[in-house]
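Each chain gets a letter, A, B and so on, in the order its sequence line appears, and its residues count up from 1. The figures here come from the full heavy-atom set of this structure, side chains too, leaving out hydrogens, waters and symmetry mates.
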Amino acid sequence: MPSLIKDGAVASDDWCVLEKPEEGQAAAVAVPDQRVIVPLAVWQAQREPLQARRQTLGVWLGPEDSADQLGAEAGEFELLAVHFPTFMDGRGFSTARLLRERYAFNGELRAIGHFIRDQLCYMRRCGFNAFSFAEPIDLQAALASLDDFTEYYQAGTDQPLPLFRRRA
Amino acid sequence: MYVYDDFDRQIIQQRVAQFRGQTQRYLAGELTDQEFLPLRLQNGLYIQRLAPMLRVNVPYGMLNSTQLRKLAHIARFYDKGYCHVSTRQNIQFNWPELAEVPNILAELAEVEMHATQSSGNCIRNITSDQFAGIAEDELVDPRPYCEIIRQWSSFHPEFAFLPRKFKIAVTGAEDSDRAATQVHDIGLQLRRSETGEIGFKVLVGGGLGRTPVIGSAIREFLPQAHLLSYLEAILRIYNQLGRRDNKYKARIKILVRAMGAEAFAEKVEAEWQQLKGGHSTLTDEEIERARHFFTLPDYEHLDGARTEAELQAQAAGSKAFSRWLQRNTRGHRQPGYAAVVLSLKPTGVAPGDVTEVQLDNIAELADTYSFGEVRTTHEQNIVLADVKKSALFALWQQAKAAGFATPNIGTLTDMICCPGGDFCSLANAKSIPVAEAIQRRFDDMDYLYDLGDIDLNISGCMNACGHHHVGHIGILGVDKKGEEFYQVQLGGNAGANTTLGRVLGPSFGREEMPAVIQKLLDVYVENRSDDEPFVDTYQRIGLEPFKERVYAKSH
Ligand code: SF4
């Protein structure tokens, strides 16, 4: 079973990710009958049949998708994921914060796709708690990067109070 | 000046440790070039034409003598004995070894300095007015706000991978703009409301570079408490909507232009309504805390008129001193004090370069004459902000011996010049030799004084680090089939009425440049009325007369 980083430890992963279908195919694509993370477009197109299987269904957002498209509905999922097409594309950092802070999502928020371990601390601060790397890396070693910083100036999902409100 | 507490120290030390680990992994082959690139950039490290270049932040231009001595040590120990003051008030080292950079950063941290986010697609060093806190036309000191923004933006988890670099400038002056806020991604101009409340006029989408644009005002008055939530809203919109498909179209100015400033402002407003009033709202205590680091130094109470009279008597006795006084000192709010500009533009030295010995000299001058502090300027000089007028003569003599007293501030030879093709791998052409050729040709001080204030700005490519668009005379290095040429622009202006220059015509070879400048100056001198400055004459008579003269066929 593939593994990932979840809640600060290496864990095994029994979710699969459904790729984004071609334009206009979102309604037709078959969703496998297992724990699966589907693209936002598939969720939007197949909401009716998928409603019933919330326990085994997650949704992933790409860089072009916005958290607003899920909106308050976000809170109803067990798992949401944000896809990074390359590690230089920082849109997913904002998406994560919005899901957590504006739409009160408190399930598993997973980063998928291309990012590097050196981003883990910032990602964690934006609300991600699970990290599934597209490239195979030494996950055990990567754990250390989660806590590159343990004190911060500005507010984040992990620490809603900026430092100036905590400075004694 | 801001002083670190345990929190600041812990954060900066964690940053140094993080980069040390990253550098080790890179050198061990565990990080690819591509992956290491943004990590090293966000720690100030470029790989340049000849060697790495390390850009050290000088937050809003403030340095104390301990920091100057540390910079001197770094120049001596890790580099070739000199460094460079950049056009964004930062310090650049041109020859550090990659493997030693973590050690340099650790040394900098000891004196409360860093290279955090001095390059890369993130929020860069906050710049400001070099005369902040002392300028006669200042409404509110911008430095406490710069420091608040510096802290907020440092290691900001959401905005470290923006579409492109992001620069914020703050000014507190009423009628002038020495921080160039109109050509920054965000420009903040301090204002007071009718009820006396402090706030900001907010400009977005200004910038030089390939597509020079003057920023648009998206809010006339933002109460100071909301500074961070409003910045957060702007950055979030930009992070989500800024273009990422083309690096030349990725700056916020392109987004603002594509959406229209009004539509952009509405988006920001909608986002801000969600963030407003949250924990990031500045408290009075925090603003007070930031402000108390920038209180007035321990000025002596002096008789302004008497010190001025004594100074004039000294000036009457020495033409050289009087010239220096006239060009290299500035007025001060405190009676009996003046601000002094140390010129880093003597002929024959790359504009903005200082040696390690000179850095120690500056530290010495700061300790002796100016409460141990200096400021770097975006014109690439150094300011001693608080000098007693009675000490100016002695200071002048020492500055002269150390090579800082060239009395050329504000004149043609006090030019802004980027490192260009001698150092920068992005350059189309060299800029330093052009600067030097012009300095050599125009070495007659009487002539320079007669010409008065002229901003000559030189960039080695259209990234415009030398701010050529806003020089009265701008020079831009261009590449034509592998050969270096120079395009000339006229009529740009920095400051409160920022204007972009217009291209004169076809470009010139390097050796032609001094003669071209001479012709431009001739047209000015022939056409000026009374003591009309260059840029005013240009505005009155337009581009044509200059163009005609420069491109006239010789008979
Ligand atoms: S203007 Fe161009 S050549 Fe000059 S420093 Fe900037 S990037 Fe380099």
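- Across every non-hydrogen atom of Leu228(B) and Phe164(A), the tightest pair is CD1-CE2, 3.9 Å.
- For chain A, no part of Gln42(B) is nearby; none of its heavy atoms comes within less than 4.5 Å.
- Between Ser153(B) and Gln154(A) the shortest heavy-atom distance is C-NE2, 4.4 Å.
- Ring-plane geometry between Phe155(B) and Phe149(A) is classed as tilted, the angle between the planes lying from 30 to 60 degrees on a 0 to 90 degree scale.
- Top candidate by heavy-atom pairs under 4.5 Å with chain A, chosen from Gln240(B), His156(B), Gln22(B), is His156(B).
- Contacts between residues 26-48 of chain A and chain B, counted as heavy-atom pairs separated by less than 4.5 Å, involve no residue at all.
- Contacts between residues 115-122 of chain A and chain B, defined by a heavy-atom separation under 4.5 Å, are made by Ile116(A), Arg117(A), Asp118(A), Gln119(A), Tyr122(A).
- Taking CZ of Arg25(B) as the start and OG of Ser145(A) as the end, the distance is 5.5 Å to the nearest 0.5 Å.
- Heavy atoms of Glu285(B) lying under 4.5 Å from chain A are absent altogether.
- Note: Arg244(B) leads Gln13(B), Glu232(B), Arg244(B) in heavy-atom pairs under 4.5 Å with chain A.
- Between chain A and the residues Ser154(B), Gly242(B), Ala290(B), the most heavy-atom pairs under 4.5 angstrom are made by Ser154(B).
- Taking chain A as the reference chain and counting heavy-atom pairs below 4.5 Å, the highest number among Asp5(B), Leu282(B), Ile11(B) is found for Ile11(B).
- Atom NZ of Lys165(B) has more than 12 heavy atoms from other residues, nucleotides or ligands within 6.0 Å.
- Between the side chain of Arg165(A) and the backbone N or O of His279(B) there is at least one donor-acceptor pair closer than 3.5 Å.
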Stepwise, does the side chain to side chain contact (heavy atoms under 4.5 Å, CB included) test hold for Arg102(A) with Leu275(B)?
CA-CA 9 Å; Arg102(A) 189 152 305 160; Leu275(B) 299 171; 3.7 Å; yes
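- Under the 3.5 Å distance criterion, the side-chain polar atoms of Glu158(B) are left unmatched by any main-chain donor or acceptor of Arg125(A).
- For Asp6(B), no part lies near chain A; criterion is any non-hydrogen pair under 4.5 Å.
- The part of Arg289(B) that comes within reach of chain A is its side chain, from C-beta onward, which places non-hydrogen atoms under 4.5 angstrom from that chain.
- Of the residues considered (Asp8(B), Asn121(B), Ile148(B), Thr283(B)), Asp8(B) shows the highest number of contacts with chain A, using heavy-atom pairs under 4.5 Å.
- In this structure, no portion of Ile137(A) lies under 4.5 Å from any heavy atom of chain B.
- Identified by a heavy-atom distance below 4.5 Å to chain B, the contributing residues of residues 80-93 of chain A are Phe87(A), Met88(A), Asp89(A), Gly90(A), Arg91(A), Phe93(A), in residue-number order.
- Pro162(A) approaches Ser280(B) most closely through the heavy-atom pair CG-CA, 4.1 Å.
- Contacts of Leu39(B) with chain A are made by side-chain atoms alone, with heavy-atom separations under 4.5 Å and no backbone atom involved.
- Counting non-hydrogen atoms of neighbouring residues, nucleotides and ligands closer than 6.0 angstrom, the CD atom of Glu23(A) reaches no more than 12 such neighbours.
- Summarising the geometry of Glu151(A) relative to Gln10(B), their closest heavy-atom pair is CB-NE2, 3.8 Å, with the distance given to 0.1 Å.
- Heavy-atom proximity under 4.5 angstrom to chain A picks out Leu31(B), Gln34(B), Glu35(B) from residues 27-37 of chain B.
- Applying the 6.0 Å contact sphere to OH of Tyr4(B) captures more than 12 heavy atoms from other residues, nucleotides or ligands.
- When the candidates Thr157(A), Leu98(A), Thr95(A), Asp147(A) are compared by the number of heavy-atom contacts under 4.5 Å with chain B, Leu98(A) comes out ahead.
- With hydrogens and angles disregarded, a donor-acceptor distance shorter than 3.5 Å links the side chain of Gln14(B) to the backbone of Thr150(A).
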